[in-house]
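To start, the structure itself, in structure tokens.
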Amino acid sequence: MSEATSKPLNFLEQIIKQDLESGKTSRVITRFPPEPNGYLHIGHAKSICLNFGLAQTFGGECNLRFDDTNPAKEELEYVEAIKEDVSWLGFDWAGDVRYASSYFDKFYEWALHLINEGKAYVCHLNPEESKEYRGWATKPGKESPYRNRSVEENLAEFEKMRAGEYDEGACSLRAKIDMASPNMNLRDPMLYRIRKQSHHQTGDKWCIYPTYDFAHGQEDAIEGVTHSICTLEFADHRPLYEWFIENLPVPAKPVQYEFARLELNYTVTSKRKLKQLVDEGHVDGWNDPRMPTISGMRRRGYTPASLRNFCEMIGVTKSGSTIDMGQLEYCVRDDLNNTAPRAMCVLNPLKVTITNMPEGEKQVMTQSVHPNREEMGERELPFSRDIYIDREDFTEDTTLSRKKFKRLVLGEYVRLRGAYVIKAEESVKDEDGNIIEVIATLVEGTVGENPPEGIKPRGVIHWVDANDCVDCEVRLYDRLFSDAAPDAGDKNFLDVLNPESLKILNGCKAEKSLLTAEAEKAYQFEREGYFCLDSKYATAVKPVFNQTIGLKDNWANKV
RNA sequence: UGGGGUGUAGCCAAGCGGUAAGGCAGCGGGUUUUGAUCCCGUCAUGCGAAGGUUCGAAUCCUUCCACCCCAGCCA
């Protein structure tokens, strides 16, 4: 790590390195603490890579802990999905999955401890009154009239809360700190509130639930977490986090650090908004391939490695930043370019008949599965008199320069990828003047060989044997939002949804080898992009392919 | 205008008193049976602004400016 070529340490790595060197800690324990109230998204991927990555780098461990302190918003479906996403990303948590809810007895005991110390009280102010008493940024709060109850009374009232004798909102347990603190979080924060709901892990055992603030640091302490890493908006909570650690007989003293959450342009990373997209049917579920969720990206064909590389590449700092979507796309292309098998698929088929090839004759071309990775083997491509090419790869316009149109032009030559050089002899049109077929001839001896002197193919195009191919559906995706900052200002993100984010193409013609494609495993459809079989809609008789990402294409606007 | 946080290129990001790394994007060129990949070159006299300290400042000091977060019985 001291080599000149190594990546510089981010600020958290520097802190941990120092803590290890100074002996402040001898091992590193981190945790990824999602609340199971939605699916994980790209922003969580950053946190996962950070927390698990730090543990890996320094030979420590990282826990997966569900921060399930609010039964009103949480569901078992989400905990299962989150576990799957973390595993898929390639990380193993230490030991069993943890739950904040499994520490509820301990939290209750610690609440009693604070009451006994005179540091917590049951407050019967209702939500509106609490708000009023809290004051404002420039205005100190007022002390609750219940603030100075006796320990005995508080104990009795808290027991009544726990026993279900009060309705939701009737009262709460609060810490006695400082109603005049400039930090709003220290103005007698709430520790417990009443929620008469069953919990996905603890059932109906409790009707009072600890707040985030009263739970998080203590969870960390119980698990021996040394570096508790959260996002910037919790920085204001750090003094409170520390207050609990100082005032409770906790078994360890974790320290909280904050980093900037990931923002990506042209998308939203807010569970609330993503849930709204799902609930209102703007997308096809949490794993819609257009969603920035981990499950959506997986269904789209993104790989764990590409996401990990992305998170590594963007860095970790405390400055709020918005990463360009292009950077994520670069990582996906970079990984897929190296790993994806190649195949050919014609998206908008145009029939080509090769007249100097006898009807019924079948030839077989062989083509490498990957141009620079011989070990991936070869594939066979049937070739006959009738083939399909893409409509966009043929034109009758003979005035186009060779630089501007490197495809098939009437009267000229083009190379069929992995097969012959052909010449377009004439085009056939329907009564409306649309080109429906191209009549062509092949140049003998051009498979794997250059054509004779004088024949200069304009370029290389992809094709598929019309007599031996697979009919399929292809789904093309564009960004979900047409605005770079769907969230910004007071604009409604739903107003900037991109109406063209999904295009469904039917009647596409894929090469036969694609019949064995595995769901979510991307192929490169040569000259088109990366595509994977959809895990939801593909059937044995009808493959459906999702476009993972297009090939980089910077010639269109240059010529 | 209370508290907390952040300002280095179009987007990220190193830098920790010794004279602005790297990546993405862009631009120019080369190779190529994918207009992809790959390769080469190019891209901040400048670090939010203004003062100050110093032989020397993105780094230290002062003042100012801009943006983000906090008034849930959400996390």
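From a predicted model like this one, the values you see are computed outputs, not experimental measurements. Numbers restart at 1 for each chain; the letters A, B, ... are given by sequence-line order, proteins then strands.
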Inset, instruction - Test for a donor-acceptor pair under 3.5 Å between the base of B:rG23 and the side chain of A:Q327, counting only N and O atoms. - result: yes

Inset, instruction - Answer with base, sugar-phosphate or nothing: what part of the nucleic acid does A:V414 contact at a heavy-atom distance below 4.0 Å? - result: nothing

Inset, instruction - In whole angstrom, give me the gap between the P atoms of B:rU45 and B:rA21. - result: 13 Å

Legend entry - Distance test, side-chain N/O of A:R415 to OP1/OP2 of B:rU34, below 4.0 Å: no

Legend entry - Upstream residue (5' side of RNA chain B) when A:L416 and A:K73 are each assigned their closest nucleotide: A:L416

Inset, instruction - Please state how far atom CD in A:E13 lies from atom C1' in B:rA13, giving the value in whole angstrom units. - result: 13 Å

Inset, instruction - Would you indicate which nucleotide in B:rG2, B:rA75, B:rC73 comes nearest to any side-chain atom of A:E233? - result: B:rA75

Legend entry - Between B:rA58 and B:rC16 - P atom distance, rounded Å: 12 Å

Legend entry - Distance between P atoms of B:rU59 and B:rA49 (Å, rounded): 10 Å

Legend entry - Distance in angstrom units between A:I42 CD1 and B:rC12 C1', rounded: 14 Å

Inset, instruction - Consider the side chain of A:K318, meaning its heavy atoms from C-beta on, and name the nucleotide among B:rG4, B:rG2, B:rU6 that approaches it most closely. - result: B:rU6

Inset, instruction - Please tell me which of the listed nucleotides, B:rA75, B:rG15, B:rG3, lies nearest to the side chain of A:Q14? - result: B:rG15

Tabulate protein N/O versus nucleotide N/O from nucleotides 36-43 of chain B, keeping only pairs under 3.5 Å, one per line.
from, atom 1, to, atom 2, distance (Å)
B:rU37, O2', A:N337, ND2, 2.5

Inset, instruction - Side-chain contact test, heavy atoms from C-beta onward, threshold under 4.5 Å: evaluate it for A:I461 versus A:L416 and give yes or no. - result: yes

Inset, instruction - May I ask you to say what A:N265 touches in the nucleic acid, namely base, sugar-phosphate or nothing, with a heavy-atom cut-off under 4.0 Å? - result: nothing

Inset, instruction - Please work out if A:S368 contacts a base, only the sugar-phosphate, or nothing of the nucleic acid, heavy-atom cut-off 4.0 Å. - result: nothing

Inset, instruction - For A:R417 and for A:M190, locate the closest nucleotide of RNA chain B by heavy-atom distance; then report the residue assigned to the nucleotide nearer the 5' terminus. - result: A:R417

Inset, instruction - Report yes or no: is there a donor-acceptor pair, N or O only, under 3.5 Å between the side chain of A:R407 and the base of B:rG35? - result: yes

Inset, instruction - State, yes or no, whether a side-chain contact exists between A:I387 and A:Y420 at a heavy-atom distance under 4.5 Å. - result: no

Legend entry - Note: A:E74-A:R195 ion pair, threshold 4.0 Å (strictly below): no

Inset, instruction - Could you tell me whether A:R527 and A:D393 have a side-chain N and a carboxylate O separated by less than 4.0 Å? - result: yes

Inset, instruction - For B:rG22, measure the glycosidic angle (O4'-C1'-N9-C4 for a purine, O4'-C1'-N1-C2 for a pyrimidine) and name it syn if it falls within 90° of 0, otherwise anti. - result: anti

Legend entry - Gap in Å between the two C1' atoms, one belonging to B:rG10 and one to B:rC27, rounded: 13 Å

Legend entry - Rounded distance (Å) that lies between atom P of B:rC24 and atom CD1 of A:I323: 14 Å

Inset, instruction - Answer whether the closest heavy-atom distance between the side chains of A:P34 and A:I48 falls below 4.5 Å. - result: no

Legend entry - B:rG23 versus B:rU32 - spacing of their P atoms, nearest Å: 26 Å

Legend entry - Within-4.5 Å side-chain heavy-atom neighbours: A:T202 and A:Y99: no

Inset, instruction - For A:E329, check side-chain contact (heavy atoms from CB on, under 4.5 Å) against everything at least two apart and list the hits. - result: A:M325, A:R333, A:R479, A:I549

Inset, instruction - Quote, to the nearest angstrom, the P distance that separates B:rG46 from B:rU53. - result: 22 Å

Inset, instruction - Would you indicate which nucleotide in B:rC73, B:rC11, B:rA14 comes nearest to any side-chain atom of A:D324? - result: B:rC11

Inset, instruction - Using the C1' atoms only, state how far B:rA13 lies from B:rU6, rounded to an integer number of Å. - result: 14 Å

Legend entry - Nucleotide of B:rG35, B:rG2, B:rC74 approaching A:K406 most closely (side-chain heavy atoms): B:rG35

Legend entry - salt_bridge(A:E223, A:R65) N-O dist < 4.0 Å: yes

Inset, instruction - Among the candidates B:rC74, B:rU34, B:rG2, find the nucleotide nearest to the side-chain atoms of A:E526. - result: B:rU34

Inset, instruction - Pick the C1' atom in B:rA9 and in B:rC43, then give their distance to the nearest Å. - result: 9 Å

Inset, instruction - Taking the side chain as every heavy atom from C-beta outward, state whether A:R98 and A:R31 have any atom pair closer than 4.5 Å. - result: no

Inset, instruction - Identify whether any heavy atom of A:L191 sits under 4.0 Å from a base atom; if not, whether one sits that close to sugar-phosphate; answer base, sugar-phosphate or nothing. - result: nothing

Inset, instruction - Would you indicate, yes or no, if B:rG72 has its OP1 or OP2 atom less than 4.0 angstrom from a side-chain nitrogen or oxygen of A:R134? - result: yes

Legend entry - A:T317 side-chain proximity, nearest of B:rC73, B:rA14, B:rG35: B:rA14

Inset, instruction - Verify ring pair (Phe, Tyr, Trp, His ring centres under 6.0 Å) between A:F545 and A:F525, making sure each step is shown before the conclusion. - result: CA-CA 11 Å; A:F545 290 99; A:F525 288 180; 5.3 Å; yes

Inset, instruction - Compare side-chain N and O positions of A:S319 against OP1 and OP2 of B:rA13 and report whether any pair is under 4.0 Å apart. - result: yes

Legend entry - Selected nucleotide, minimal atom distance to A:R527 side chain, candidates B:rG3, B:rG35, B:rA21: B:rG35

